[in-house]
Amino acid sequence: MSSPEPDRYAVAGNPVAHSRSPAIHAQFAAQTGEALSYERLLCPLDDFAATVQAFAASGARGCNITVPFKFEAHALAARLSERARLAGAVNTLRFDCDSDGRPAWLGDNTDGAGLVRDIEHNAARSLAGQTVLLLGAGGASAGVLGSLIAARPAAITVANRSVDKAAALVAQHADWAEQHGVALQARSLQDCGQGFHILINGTSASLAGAAVPVADGVLAPGALALDMMYGPAAAPFLAWAAAQGAEGRDGLGMLVEQAAEAFALWRGKRPDTGPVLQALRQELASKP
Ligand code: ATR
């Protein structure tokens, strides 16, 4: 008897050629014994919805969404997790159907949970009671702020080049922050405060080769400074963190943890991320 076709998943984006997600999910599948395939789905910039709908109609079970389609994916979901609703963006779709067999997709956002798990589990830093500086107020920061708040730090400052965008993001999360007893405020990059225990860089400054957009001295001694980027893009940030006496961390752990969270949503099983992160680090070190 032939074995059934494996369930199909993909990462949908533009570009997707660089994506590490297929390799990560292949390792999760091998580890958990789940029969699935995971491919890259390159979506034309003006045809995201139709491309993903065709993928779902071909029998696929779900997909991850990457740049620049996380907001469009949010609009395609029939149901949203609380964290996706707060983020206003979706990075994971599960192609559920309603009782009549019509598509009723679930939209989730696992980026924030992945970031928090990387900080608390992999970097072994509890967020509870700490002061956090989140740099940037674009899609990357919006995707993680709700989960950061849920980890109950004492305070989170969102600092951005355009302060009005930081203020809008803070306003969107004000009730959530109050419910969790977190002091949440928006500031400019020049006047973001001092002595933070944890800094998270959600700006795309390093992609443009720009320096870390805050002054020296914003960190407390021994702080954790994490960039959501990884590979060569994170190198200037990590050098800056080292010069500040901080523990520098790139976004590779977050990448693996958000994937594990998506895998758990799809398959109901949580993979062991440690060996996958280690293998990815080794691979990047040998050919970045
Ligand atoms: P993403 O989805 O990756 O977050 P985005 O939504 O375009 O991309 O947001 C990019 C973020 O990086 C923004 O917060 C942006 O600041 P503005 O809102 O003021 O544009 C920030 N950013 C980009 N380049 C920057 C730079 N050179 N210095 C400081 N902040 C920068």
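This is a predicted model, so every value here is computed, not measured. The analysis underlying the following values was restricted to heavy atoms, covering all of them including side chains, and did not include hydrogens, waters or symmetry mates.
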Next item on the list: Would you indicate whether the side-chain heavy atoms of Asp111 and Lys70 approach each other to under 4.5 Å?
Entry: yes

Check: What residue pairs, at least two apart or across chains, pass side chain to side chain donor-acceptor pair (under 3.5 Å) with a residue in residues 131-155?
Finding: Thr131-His197

Checklist line | Under the side chain to side chain donor-acceptor pair (under 3.5 Å) test, residues paired with Thr66 that sit two or more places apart | finding: none

Next item on the list: For side-chain contact (heavy atoms from CB on, under 4.5 Å), just list the numbers for Ile198 and Leu226, CA-CA rounded to whole Å, side-chain angles, deciding distance to a tenth of an Å, and then say yes or no.
Entry: CA-CA 8 Å; Ile198 297 177; Leu226 185 151; 5.9 Å; no

Item checked: Closest approach of Pro6 to Ser37 (non-hydrogen atoms, all atoms of both residues) -> CB-N, 4.0 Å

Which donor-acceptor pairs under 3.5 Å do side chains of residues 168-176 form with protein atoms, sequence neighbours excluded?
| unit_1 | atom_1 | unit_2 | atom_2 | d |
| --- | --- | --- | --- | --- |
| Gln172 | NE2 | Leu86 | O | 3.3 |
| His173 | ND1 | Leu169 | O | 2.9 |
| Trp176 | NE1 | Gly146 | O | 2.8 |

Notebook entry, point to check: When rounded to the nearest 0.5 angstrom, what is the spacing between CG in Leu106 and CZ in Phe95?
Noted result: 11.5 Å

Checklist line | Side-chain H-bond candidate by donor/acceptor type, Thr92 with Asp108, under 3.5 Å | finding: no

Check: Can you name the closest pair of heavy atoms from Gly251 and Tyr230 and give their distance?
Finding: N-CB, 4.0 Å

What side-chain donor-acceptor pairs closer than 3.5 Å can you find for residues 257-266, not counting sequence neighbours?
| unit_1 | atom_1 | unit_2 | atom_2 | d |
| --- | --- | --- | --- | --- |
| Glu257 | OE1 | Arg117 | NE | 3.2 |
| Glu257 | OE2 | Asn122 | ND2 | 3.0 |
| Glu257 | OE2 | Thr273 | OG1 | 2.8 |
| Gln258 | OE1 | Asn91 | ND2 | 3.3 |
| Gln258 | OE1 | Thr110 | OG1 | 3.4 |
| Gln258 | NE2 | Leu255 | O | 3.0 |
| Glu261 | OE1 | Arg270 | NH2 | 3.0 |
| Glu261 | OE2 | Arg83 | NH1 | 3.2 |
| Glu261 | OE2 | Arg83 | NH2 | 3.4 |
| Trp266 | NE1 | Leu93 | O | 3.1 |

Notebook entry, point to check: What are the two closest non-hydrogen atoms of Ala151 and Glu120, and how far apart are they?
Noted result: CB-OE2, 4.4 Å

Notebook entry, point to check: Do any N or O atoms from the side chain of Asn14 and from the backbone of Cys43 form a donor-acceptor pair under 3.5 angstrom?
Noted result: yes

May I have the list of side-chain donor-acceptor pairs in residues 234-250 shorter than 3.5 Å, sequence neighbours left out?
| unit_1 | atom_1 | unit_2 | atom_2 | d |
| --- | --- | --- | --- | --- |
| Trp240 | NE1 | Asp216 | OD1 | 3.3 |
| Gln244 | OE1 | Gly217 | N | 3.2 |
| Gln244 | NE2 | Asp216 | OD1 | 2.8 |
| Glu247 | OE1 | Arg125 | NE | 3.3 |
| Glu247 | OE1 | Arg125 | NH2 | 2.8 |
| Arg249 | NE | Asp118 | OD1 | 3.4 |
| Arg249 | NE | Asp118 | OD2 | 2.8 |
| Arg249 | NH2 | Asp118 | OD1 | 2.7 |
| Asp250 | OD1 | Leu252 | N | 3.1 |
| Asp250 | OD1 | Arg281 | NH1 | 3.3 |
| Asp250 | OD1 | Arg281 | NH2 | 3.2 |
| Asp250 | OD2 | Arg281 | NH1 | 3.2 |

Checklist line | salt bridge (Lys or Arg N to Asp or Glu O under 4.0 Å) contacts touching residues 95-106 (sequence neighbours left out) | finding: Arg79-Asp96, Arg94-Asp96, Asp98-Arg102, Asp100-Arg102

Margin query: Show every salt bridge (Lys or Arg N to Asp or Glu O under 4.0 Å) that has at least one partner inside residues 155-173, sequence neighbours left out.
Written below: none

Next item on the list: State, yes or no, whether a side-chain contact exists between Asn64 and Tyr38 at a heavy-atom distance under 4.5 Å.
Entry: yes

Below 3.5 Å, can you tabulate the donor-acceptor pairs from side chains in residues 50-61 to any protein atom, sequence neighbours excluded?
| unit_1 | atom_1 | unit_2 | atom_2 | d |
| --- | --- | --- | --- | --- |
| Thr51 | OG1 | Asp47 | O | 2.6 |
| Ser58 | OG | Arg8 | NH1 | 3.0 |
| Ser58 | OG | Phe55 | O | 2.6 |
| Arg61 | NH1 | Asp7 | OD1 | 3.1 |
| Arg61 | NH1 | Asp7 | OD2 | 3.0 |

Margin query: Do Val218 and Cys192 have side chains that approach each other closer than 4.5 Å (heavy atoms only, starting at C-beta)?
Written below: yes

Next item on the list: List the atom of Asn109, the atom of Gly143, and the distance in Å for their closest heavy-atom pair.
Entry: OD1-O, 3.8 Å

Next item on the list: For the residue pair Pro68 and Leu45, establish whether any side-chain heavy-atom pair is separated by less than 4.5 Å.
Entry: yes

Margin query: If I compare all heavy atoms of Ala205 with all of Ala211, which pair ends up nearest, and what's the gap?
Written below: CB-O, 4.2 Å

Checklist line | salt bridge (Lys or Arg N to Asp or Glu O under 4.0 Å): pairs with one or both residues in residues 176-190, sequence neighbours excluded | finding: Arg187-Asp191

Notebook entry, point to check: What distance separates Leu189 CG from Asn160 CG, expressed to the nearest 0.5 Å?
Noted result: 6.0 Å

Notebook entry, point to check: Linking I/L/V/M/F/W/Y whenever any side-chain heavy atoms sit under 4.5 Å apart, do Leu127 and Leu145 land together?
Noted result: yes

Check: When Ile, Leu, Val, Met, Phe, Trp and Tyr are grouped by side-chain heavy atoms lying under 4.5 Å apart, directly or through other members, which residues fall in the same group as Val67?
Finding: none

Next item on the list: Hey, could you give me the CD1/CG distance between Ile119 and Leu224, rounded to the nearest 0.5 Å?
Entry: 6.0 Å

Margin query: Return the NE2 to CG distance between His25 and Leu36, rounded to the nearest 0.5 Å.
Written below: 8.5 Å

Margin query: Hydrophobic clustering (ILVMFWY, side-chain heavy atoms < 4.5 Å, transitive) - are Met254 and Val158 grouped together?
Written below: yes

Note to self: Would you compute the distance between atom CG of Asn201 and atom CG of Leu135 and round it to the nearest 0.5 angstrom?
What the structure shows: 5.0 Å

Check: Which residues satisfy the side chain to side chain donor-acceptor pair (under 3.5 Å) test with Arg85, sequence neighbours excluded?
Finding: Glu82

Next item on the list: Sequence neighbours left out, what pairs pass salt bridge (Lys or Arg N to Asp or Glu O under 4.0 Å) with at least one residue falling in residues 28-38?
Entry: Glu34-Arg267, Glu34-Lys269

Notebook entry, point to check: Would you call Pro153 and Val182 a side-chain contact if the rule is heavy atoms closer than 4.5 Å?
Noted result: yes

Check: Would Leu199 end up clustered with Val144 when hydrophobic side chains under 4.5 Å apart are linked, directly or stepwise?
Finding: no

Margin query: For a quick test of reading the model, state the closest non-hydrogen atom pair linking Val90 to Ala84 and the distance between them.
Written below: CG2-CB, 4.0 Å

Note to self: Measuring from atom CD1 of Ile156 to atom CD1 of Ile149, what distance do you get when rounded to the nearest 0.5 angstrom?
What the structure shows: 5.0 Å

